[in-house]
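Single-structure report; data block below.
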Amino acid sequence: MSAKSPEDICPIPAHMAEGDLESVLSLYDPEAVFLKQSREVTKGEQGLRPELAPRAAIKARFDFNIKQVVKAGNIALMHTQWKVSGPQQQPMTVYAIEVARCQPDGTWRWLIGDPFTIGRQTGA
């Protein structure tokens with residue numbers, strides 16, 4: 001499924017629950033950067049794969065609530081609340097700030113992800 005709007009990028013819950021890492025990675029722009037909880041920046045598929053693979057392996061459940069999307073041309077700033085849980089993972093809630101970019105084919109992908117800007121809450 002191709003994202004026709006920034007809001008449509010969020011099928012990550014279904015892909016993660018299926019353990020489909022390749023589909024999760026396809027939601028990211030080739031130049032994507034991701035800010036890890038350690039504040040270290042990881043880049044591209046090479047950096048995203050080891051960051052996302054453990055959650056895909058346990059088929060983590062991702063629930064989300066898009067709080068706001070602000071678009072300027074082919075760039076969108078997204079504020080999203082994510083709740084992540086898994087069979088052997090304590091549930092956590094993060095408030096992510098993400099930037100999406102429209103691709104030349106008209107589809108949208110995440111360009112910048114910062115899920116720990118506001119902090120992380122553990123527990124239900």
Side-chain angles (χ1 to χ4, degrees):
M1 179 179 131
S2 298
K4 301 294 183 195
S5 72
E7 296 87 349
D8 291 342
I9 302 172
C10 290
I12 194 170
H15 296 320
M16 280 292 191
E18 295 166 357
D20 186 354
L21 180 60
E22 297 311 311
S23 290
V24 172
L25 290 169
S26 76
L27 302 174
Y28 289 88
D29 187 278
E31 298 177 344
V33 294
F34 185 85
L35 195 59
K36 299 185 328 185
Q37 190 171 8
S38 67
R39 309 312 289 163
E40 178 186 351
V41 174
T42 185
K43 297 179 181 182
E45 184 178 324
Q46 296 277 58
L48 288 167
R49 184 175 292 279
E51 192 65 27
L52 299 173
R55 287 184 177 79
I58 66 166
K59 298 183 178 182
R61 179 185 166 114
F62 280 70
D63 295 306
F64 66 95
N65 181 7
I66 298 171
K67 300 291 188 176
Q68 185 175 22
V69 176
V70 181
K71 287 173 44 178
N74 69 341
I75 300 291
L77 176 66
M78 302 176 69
H79 297 262
T80 310
Q81 183 176 22
W82 293 91
K83 293 183 182 180
V84 184
S85 59
Q88 294 159 346
Q89 175 183 342
Q90 182 179 16
M92 78 174 158
T93 300
V94 296
Y95 188 92
I97 295 174
E98 299 152 320
V99 175
R101 177 164 61 185
C102 189
Q103 306 297 298
D105 67 359
T107 62
W108 288 81
R109 293 184 181 188
W110 281 315
L111 178 64
I112 302 170
D114 184 358
F116 302 106
T117 294
I118 295 179
R120 176 172 100 170
Q121 302 168 2
T122 56

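Just so you know, residue 1 is the first one in the sequence shown, and it goes up from there. Every value quoted in this text rests on a predicted model; they were computed, and no experiment measured them.
- Trp82 places a side-chain heavy atom less than 4.5 Å from the side chain of Glu98.
- In this structure, the side chains of Leu25 and Leu48 come closer than 4.5 Å at one or more pairs of heavy atoms.
- Here the closest heavy-atom approach between residue Glu45 and residue Pro50 is recorded as O-CD, 4.5 Å.
- Two residues are said to be in side-chain contact when any heavy atoms from C-beta on lie closer than 4.5 Å; Arg39 and Asp114 meet this criterion.
- With respect to Asp8 and Arg109, no salt bridge is recorded, no charged nitrogen being found less than 4.0 Å from a carboxylate O.
- Contact check for Leu111 versus Val33: no side-chain heavy atoms found under the 4.5 Å cut-off.
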Inset, instruction - Just do the side-chain contact (heavy atoms from CB on, under 4.5 Å) check on Arg55 and Val84 with the steps written out, would you? - result: CA-CA 9 Å; Arg55 287 184 177 79; Val84 184; 4.3 Å; yes
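- Placement of Leu77 and Ile112 within a single hydrophobic cluster is found when ILVMFWY residues are connected by side-chain heavy-atom separations under 4.5 Å, directly or transitively.
- Taking the side chain as every heavy atom from C-beta outward, Met16 and Val24 approach each other to under 4.5 Å.
- How far CH2 of Trp108 is from OG of Ser2: 14.0 Å, rounded to the nearest 0.5 Å.
- The shortest distance between side-chain heavy atoms of Tyr28 and Leu52 falls below 4.5 Å.
- Inter-residue side-chain proximity for Tyr95 and His79 is flagged as met; some heavy-atom pair is nearer than 4.5 Å.
- Side-chain N/O atoms of Thr93 and Gln81 include no donor and acceptor closer than 3.5 Å.
- Here the closest non-hydrogen pair linking Pro115 and Phe34 is CG-CZ, 3.6 Å.
- Under a hydrophobic clustering in which Ile, Leu, Val, Met, Phe, Trp and Tyr are joined whenever their side-chain heavy atoms come within less than 4.5 Å, directly or via other members, Ile58 and Leu21 fall into different clusters.
- Taking CE from Met78 and CD1 from Ile97, the interatomic distance works out to 12.0 Å, rounded to the nearest 0.5 Å.
- With hydrogens and angles disregarded, no donor-acceptor distance shorter than 3.5 Å links the side chain of Ser85 to the backbone of Pro91.
- Shown here is Glu22, whose CD atom has more than 12 heavy atoms of other residues, nucleotides or ligands within 6.0 Å.
- Using a 4.5 Å heavy-atom threshold, the side chains of Ile75 and Lys71 count as separate.
- Ionic pairing of Arg101 and Glu31 is present here: one or more N-O contacts between side-chain nitrogen and carboxylate oxygen are shorter than 4.0 angstrom.
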